[in-house]
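Reading through the structure tokens given below for one structure.
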Amino acid sequence: MSESQRAAGRVASVMQEERVFPPPAEFSRRARIGSLADYRRLYDEAAADPGAFWDARARELPWITPYGRVLDWRPPHARWFADGRINASAVCLDHHVAAGRGGKTALVWVGEPTGERCVMTYAELLAEVCRLAAGLRSLGVGPGQVVSIYMPMTPELVIAMLACARIGAVHSVIFGGFSSEAIADRNHDAAAVAVITADGGWRRGAQLPLKANVDRALASPHHPPTTVKHVIVLERTGQAVEMVPGRDVWWRDLVSGQPTDLPPAAMDSEDPLFILYTSGSTGKPKGIKHTTAGYVLWAKTTAEWVFDLRDDDLFWCTADCGWITGHSYVTYGPLAAGASILIYEGAPNAPHEGRFWEIVEQERPTIFYTAPTAIRSFMKWGLQHVEGRDLSSLRLLGSVGEGINPEAWMWYHEKIGGGRCPIVDTWWQTETGGIMMSPLPGCTPTKPGSCTLPLPGVVPQIVDAAGDAVEQGEGGWLVITKPWPGMLRGVWGDEARFVDTYWSKVPGKYLAGDNARQDADGYYWIMGRIDDVLNVAGHRLSTIEIESALVSHPAVAEAAAVGRPHDVKGEAVAVFVTLRSGNPDDALKDALRKHVRQQIGALAVPDDIRFTASLPKTRSGKIMRRLLRDIAAGRETVGDTTTLEDYTVLANLRSNDE
Ligand code: WT7
């Protein structure tokens, strides 16, 4: 490999942060892991003998049949706790009820319409999960079959996930903001047999037409006839919906008369628990596959370490269950750990921009876990929404989804945490199943903008494009060199894509797709993606997905999507479009935005649309995204779109060194 090829993996470092915040002494005294020495001991133990380390932790789970070997690792395929039998819903529910904790609050739910609230104990949650599980089974849904879930953030969403787990069905949660075409893609890819949805959902006072979107997805003319046989509909908003006889059933009718004590199915450790679709660097979202025992163990263990859960905690993770954060730190992690969770149905600015802090004041959560994009919104909305609110219940703050810029970190620390709460900046991915790198709140000194150190069992490395470790301080590709229990087990129905995406560029190691560097203290700093994936408001979007959506509009000949810095969303979507027909005017811009919303969802709607006569390309025909990114960001003095032509020239001149 040539020096220039090798250098492709290296990146220049962006910033140097000098501030260090030691964990508050009061926190450390009571924390599970209260000193760096304890952390190192645990880390070394896991590194020296992963089998013994994970065996000790897995033994605490309620096995139906004990496992044989802890790990069978044939790269890139791992089998954890093979031949053991277990049920994820029993880990989260029955286990606690059997131990006498059935009366403990499992979840507190706050609706978007002010005043709506409900509390469920572990015993009550278990009963509801059993009723729905029995209902699903009565429809013929069984082990290994895929059930899509397209719901608002209600307790029933958590119940639906756990009910699938209870009967061994594989859930595929589709974020409620996705369009009917996105639902159809996912149903089709997974061959889903049922969809659990609601009539509608509340979003800033408006009603999302969830059931109508499902109806449209099932009749999508762009897909083969649907595999979905049943649609289960929760009544949430009371809006009018059409019910197709023989296919659609109301949730309340399905569960009425069902038993509240359905035994959990004995699933193999490696049976799939769920699929979650995420964007990659090609147009088609990939169904990330997670299996049962390893995933649940990882979600539980990382929740206990990172959030230092104690019996009296109320844990508020603001993520929607449509994303991995909602799987691991709303549902499986905290419930497996026996914690109490807080769920809020609505948007942070509904009905007013202080809603989150009003909820903190009323419900008194102790741990609050959110995304940097939300924090930047709070900063923008202003301190008047925070000041005067009693936030004294909070003892720990978390951040996830993208790097948190030091300014937002400081604001979070001072204004929300009152200067007394440690902040855990957690780095992980849909694929990793749970948190991989994070400060431990009782022991790790934090630096604003760094996810600090790997958790025990996580062995990262930063390499160049030849797979060799870079020198300390140098940026490069982040890889994980050893298997861990929560790792993805595949891409649903696409082994080649699993191998190509994650295991080929650096053979035998998991390629995370992020650039990173390590500072002199060994702290990790994530430096952004290495592929054509954008991070908009903490969610991954592939540029190619957006481009495909644009090109499917009759007026568009060619499109290029890039990210540009955005002060709230992190990255905004900027697109460059060449036209086949139509006028390059605002009406067409509106039409294209609407089209992308229909094809993918509101998240992917471009912030900037520029029409251009041609796109800058290399001689081999590759779009020169670097140039487009510069233009989109307003870097260099590029006045208007016509100068794209100059870039085309420039591109041609430069293409020799591409
Ligand atoms: C990508 C994964 C992890 C759940 C939510 C997003 C970026 C995530 C951090 C962080 C810097 C981060 C990475 C990663 N990312 N957390 N603490 N610091 N970057 O899950 O949609 O699978 O996206 O989000 O680029 O690869 P996801």
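As the structure lists them, so they are numbered: ligands from 1, and atoms in each ligand from 1.
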### Message
So P460 and L478, do their side chains get closer than 4.5 Å, heavy atoms only?
### Response
yes
#### Entry: Single hit among L107, L342, I367, I341 for side-chain contact (heavy atoms from CB on, under 4.5 Å) with L314
L342
### Task
Examine R186 relative to Y150 and say whether NZ or CZ is less than 6.0 Å from the centre of the six-membered ring and inside a 45° cone about the ring axis.
no
### Message
Taking the cut-offs as 6.0 angstrom to the six-membered ring centre and 45 degrees off its axis, would you call K447 and Y523 a cation-pi pair?
### Response
yes
### Task
Could you tell me how the ring of F315 sits relative to the ring of F307: parallel (under 30°), tilted (30 to 60°) or perpendicular (over 60°)?
tilted
### Query
Is the shortest distance from a Lys or Arg side-chain nitrogen in D185 or K284 to a carboxylate oxygen in the other one below 4.0 Å?
no
### Task
Below 4.0 Å from any atom of ligand 1, which residues have a heavy atom? Give them in chain and number order, please.
I324, T325, V400, G401, E402, G403, D425, T426, W427, W428, Q429, T430, D514, I526, R529, N535, G538, R540
